[in-house]
Number of protein chains: 2
Amino acid sequence: MTVRQPLPSDLFEELCPSSMVPFRFGDKWSALVIRCLEDGPRRFSELRVPLHRVTPKMLTQTLRGLERSGLVSRTAHADPALGVEYALTPLGRSLLKPMWALCDWAAEHWEELLEAHEAYEPRRLA
Amino acid sequence: MTVRQPLPSDLFEELCPSSMVPFRFGDKWSALVIRCLEDGPRRFSELRVPLHRVTPKMLTQTLRGLERSGLVSRTAHADPALGVEYALTPLGRSLLKPMWALCDWAAEHWEELLEAHEAYEPRRLA
DNA sequence: CAGAATCCGTTTAGATACTG
DNA sequence: CAGTATCTAAACGGATTCTG
């Protein structure tokens, strides 16, 4: 039996930088958008295809959030016909690796997750 | 310039197992709770200390969610004085590594994130 | 094409008080 | 100690409509 350290008195404070991650990527679309930009810049309408459940509003909102965090850049071409391109910044790219790790984990374990979910019964008294 | 693959027609569908991750851990407390259980079982009240911004309701809700996913186990001792203990299941433990990766990323880059956040200005017209 | 604006229902979170 | 119950405020998400 190992000696257990007491828990820090305010983990929320202490892990703020990391709890910022779920804060920023925990929303419904951010992670998916990042993955859409994995192999090159994409245009607004191009992003809507694989995420066809997203409304333009939410996509804009998501993109703005990612821009604000410095993860995605937006380039409006002089020629409007060329559209607007979104791309990962180097910072955004650096997030890919840990994100893949999480995705791999999920891919490996999602059956277990599902099983657990179905096997679960609310609560047996006593 | 590399050849860009067309994006899959429904990434939401395709990444469902992985988008399940933000779904399940994207909430405000799950990740933090998991980290609180890193080095051993903890009791309900013990968990409230480092997460003192959490209300009992939210903590219960979070723990139930993690239980339902098979990531956390709950043990009510026969002797009520011993309280109720929550612990990571093996599945829960297996999540630690990818989670650390993400935390490390955040720890490394949160200054950049903050800077980007402050430097950001809503949108320059034209 | 790339959004912005508005409306509105749903979900989520927090405060507070109470219980076995 | 380990929650539950209730209520309210705020955030989120989607549908729809409109514009440079």
Side-chain angles (χ1 to χ4, degrees), chain A residues 7 10 12 19-20 22-33 36-37 41-68 72-87 121-126, chain B residues 7 10 12 19-20 22-33 36-37 41-69 72-87 120-126:
Chain A
L7 289 168
D10 192 346
F12 192 83
S19 71
M20 174 180 234
F23 164 63
R24 187 86 293 284
F25 311 109
D27 67 280
K28 202 168 173 182
W29 302 106
S30 289
L32 253 24
V33 167
C36 283
L37 296 174
R42 300 282 181 179
R43 295 166 58 170
F44 190 87
S45 49
E46 210 175 347
L47 289 171
R48 293 200 63 188
V49 179
L51 305 173
H52 56 63
R53 277 173 194 72
V54 77
T55 56
K57 183 183 120 183
M58 290 314 296
L59 183 53
T60 301
Q61 209 173 95
T62 303
L63 287 167
R64 290 293 172 277
L66 294 172
E67 263 191 277
R68 204 171 350 104
V72 162
S73 66
R74 174 186 188 271
T75 317
H77 293 284
D79 182 353
L82 291 174
V84 178
E85 285 201 323
Y86 292 92
E121 32 190 301
R123 177 142 316 287
R124 60 288 183 196
L125 312 172
Chain B
L7 288 168
D10 192 346
F12 192 84
S19 72
M20 175 181 234
F23 166 63
R24 186 88 292 286
F25 312 110
D27 67 280
K28 201 168 172 183
W29 303 106
S30 290
L32 253 23
V33 166
C36 284
L37 296 174
R42 301 283 182 178
R43 296 164 60 169
F44 190 86
S45 48
E46 212 175 346
L47 289 171
R48 294 201 62 190
V49 178
L51 305 173
H52 57 62
R53 277 174 194 70
V54 77
T55 58
K57 184 182 118 183
M58 290 314 296
L59 184 52
T60 300
Q61 211 173 94
T62 303
L63 287 167
R64 290 291 174 280
L66 294 172
E67 264 191 276
R68 203 170 351 105
S69 301
V72 162
S73 66
R74 175 187 187 271
T75 317
H77 294 283
D79 182 352
L82 291 174
V84 178
E85 285 201 323
Y86 291 92
Y120 182 81
E121 34 191 300
R123 177 141 318 286
R124 60 287 182 196
L125 312 172

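The figures here come from the full heavy-atom set of this structure, side chains too, leaving out hydrogens, waters and symmetry mates.
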For side-chain contact (heavy atoms from CB on, under 4.5 Å), just list the numbers for A:Arg64 and B:Tyr120, CA-CA rounded to whole Å, side-chain angles, deciding distance to a tenth of an Å, and then say yes or no. CA-CA 10 Å; A:Arg64 290 293 172 277; B:Tyr120 182 81; 3.4 Å; yes
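Within residues 42-50 of chain A, no residue is approached by DNA chain D to less than 4.0 Å at the level of any non-hydrogen atom.
Distance B:Asp79 CG to D:dA2 C1': 14 Å, rounded to the nearest Å. When the P atom of C:dT12 is taken as reference, atom CG of B:Leu59 falls 17 Å away, rounded to whole Å. Atom CG of B:Leu63 is separated from atom C1' of D:dT4 by 14 Å (rounded to the nearest Å).
Partners of A:Arg43 under the salt bridge (Lys or Arg N to Asp or Glu O under 4.0 Å) rule, at least two apart in sequence or in another chain, do not exist in this structure.
Minimum interatomic distance between A:Leu37 and A:Ala87 (heavy atoms only, all atoms of both residues): CD1-C, 4.2 Å. A pairwise comparison of heavy atoms in A:Leu47 and A:Cys36 identifies CD2-CB, 3.6 Å as the closest pair.
B:Val84 places none of its side-chain heavy atoms less than 4.5 Å from the side chain of B:Phe44. Residues B:Val49 and A:Leu7 have side chains not in contact (no heavy-atom distance under 4.5 Å, counting atoms from C-beta outward). You'll find the side chain of B:Arg74 stays beyond 4.5 Å of the side chain of B:Leu63, heavy atoms only.
Applying the 4.0 Å criterion to OP1 and OP2 of C:dC1, one finds that A:Tyr86 has every side-chain N and O outside that range.
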List the atom pairs, donor and acceptor, that lie under 3.5 Å between side-chain atoms in residues 53-60 of chain A and the rest of the protein, sequence neighbours left out.
from: A:Arg53; atom 1: NH1; to: B:Asp10; atom 2: OD1; distance (Å): 3.3
from: A:Arg53; atom 1: NH1; to: B:Asp10; atom 2: OD2; distance (Å): 2.9
from: A:Arg53; atom 1: NH2; to: B:Glu13; atom 2: OE1; distance (Å): 3.2
from: A:Thr55; atom 1: OG1; to: A:Met58; atom 2: N; distance (Å): 3.4
from: A:Thr60; atom 1: OG1; to: A:Pro56; atom 2: O; distance (Å): 2.9

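Across the helix from C:dC1-D:dG20 to C:dG20-D:dC1, the helix axis at one end is tilted relative to the axis at the other end by 50° (nearest 10 degrees, each axis from five pairs).
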Determine, for nucleotides 13-20 of chain C in 5'-to-3' order, which nucleotides have protein heavy atoms under 4.0 Å from the base (write B), from only the sugar-phosphate (write S), or from neither (write -). BBB-----
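Among residue pairs with one or both ends in residues 78-87 of chain B, none qualify as salt bridge (charged side-chain N to carboxylate O under 4.0 Å, His left out); sequence neighbours excluded.
We find the OH-CD distance between A:Tyr86 and A:Glu67 to be 6.0 Å, quoted to the nearest 0.5 Å.
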